[in-house]
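What follows is one structure encoded as structure tokens, with my remarks underneath.
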Amino acid sequence: MMTEDVLILAIESSCDETAAAVVRNGREVLSNVISSQIALHTLYGGVVPEIASRKHIEKINQVIEEALSEAKVTLDDITAIAVTYGPGLVGALLVGVAEAKAISFARKLPLVGVHHIEGHISANYIENPELKPPFASLVVSGGHTHLVIVKDYGEYEIIGRTRDDAVGEAFDKVARAIGLGYPGGPKIDKAAKTGDIHAIEFPRASIDGSEYDFSFSGVKSAVLNYINSCAMKGIVVSESEQMVSDVAASFQAAAIEVLVDRAIKATKAYGMDSLAIAGGVASNSYLRSEMSKACEAEGIKLYYPAPVFCTDNAAMIGVAAYYEYIKGVRHGLDLNAVPNLKLGER
Ligand code: KG4
Ligand code: ZN
């Protein structure tokens, strides 16, 4: 192996996936191993933090070993260890952080702590070699809904955010209410394909005075009210496949239209010619198709990661870590999990 290669072993354990990856020179993913706990948490209708932490402890060594062997490397070839240290569930984050510190100490390898959202945005670099800052980014996940200007590698300006629920959270709650279960996003995406987006007019929220902020609690409540008003007439929405599809399609359209509208406005207002979408909800098929249409009409180049790089994974952490690493960012063995870490903080 050429000595100038920077090989990063990255670890991600901020929520319900235990993940490790090896990334070469920031853009080439040599391995990307994900052990998902979805089946386990489905029993409870959502992520149970205590169970997530315990499962991470059980899986993490095996996941790292697989990532190294799939990449056909050993720890001797690794240049640096990267790990998500926030935001996320504190107990879950701690498992990855402790593991990364242990390897860093034992192998005398530099340690780079990564912000989870920086990882999501950086997932766009993997399959798009031409994508370089500056660009606008819409980050949509189970915990975040942010409009960000990526000024340079590792330099972010947050220009809009949700005032209440994250959009993924709204998808998950609506899915539960119409009997689709957890995780809701992909299930609504699928059910919506056979539904009518005009079946029910759900509200498109705007925030007075802040044109790039979002609110999703209103549309979520409107869906719950609709279900209750049906129940009062003796109609159980979750028992009718067509009604479930119609609610899914109408809700999805309401949520996604707002995302597309704000993202396009921000990209233009900040003079950006590219927009990259990121996070679990970026794999939503309606978001992708509506955003593609809008970007084409406005002459904006649209980027989005493959679905496997949209939901939580460690490859995106390895990519983000590379750009931090070459800038000289290093963390000490006092690195701690920061559950509410802000983007751009070190
Ligand atoms: O990025 P992610 O894996 O974890 C967080 O950092 O939160 O995002 C998970 C979220 C969940 O809310 C899930 O329902 C949503 O992404 N999601 C989707 C789709 N796939 C995942 N939402 C809408 N449509 C999808 N196809
Ligand atoms: Zn995430």
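No experiment lies behind these values; they were computed from the predicted model shown. Just so you know, ligand 1 is whichever comes first in the structure, and atom 1 is the first atom listed for that ligand.
- Considering only heavy atoms from C-beta on, D77 stays 4.5 Å or farther from V22 through its side chain.
- Annotation: cation-pi geometry not satisfied between K327 and Y323 (NZ/CZ under 6.0 angstrom from ring centroid, within 45° of ring axis).
- If you check which protein heavy atom lies closest to atom 11 (C) of ligand 1, you get D172 OD2, 3.6 Å.
- One option in N284, I117, D16 has a heavy atom closer to atom 24 (N) of ligand 1 than any other, and that option is N284.
- Heavy-atom distances between H116 and ligand 1 reach below 4.0 Å in at least one pair.
- In this structure, F214 and F216 have parallel ring planes: the angle between them is below the 30° cut-off, well short of the 60° mark.
- Atoms OH and CG, on Y270 and L275 in that order, are 14.0 Å from each other to the nearest 0.5 Å.
- Between D312, N313, I188, it is D312 that holds the heavy atom closest to atom 2 (P) of ligand 1.
- Of all the atoms in ligand 1, the ones that sit under 4.0 Å from a non-hydrogen atom of S283 are 19 (C), 20 (N), 26 (N).
- Residue, atom and distance of the protein heavy atom nearest to atom 26 (N) of ligand 1 are D189 OD2, 2.9 Å.
- One N or O on the side chain of D246 and one on the backbone of D196 form a donor-acceptor pair closer than 3.5 Å.
- Around the Zn ion (ligand 2), the two atoms NE2 of H120 and OD1 of D312 are separated by an angle of 100°, to 10 degrees.
- Ligand 1 lies within reach of G143, whose nearest heavy atom is under 4.0 Å from it.
- H120 counts as a contact of ligand 1, since one of its heavy atoms falls under 4.0 Å from the ligand.
- The option from A175, G142, A278 that lies nearest to atom 10 (C) of ligand 1, judged by heavy atoms, is G142.
- Set against the non-hydrogen atoms of T311, the atoms of ligand 1 under 4.0 Å away are 3 (O).
- Residues F251 and F171 bring their aromatic ring centres within 6.0 Å.
- A donor-acceptor contact under 3.5 angstrom links the side chains of S14 and E12, judged on distance only.
- Counting backbone and side-chain atoms alike, H144 contributes no N/O/S atom closer than 2.8 Å to the Zn ion (ligand 2).
- Residue N336 holds its CG atom at 11.0 Å from NE2 of H331, rounded to the nearest 0.5 Å.
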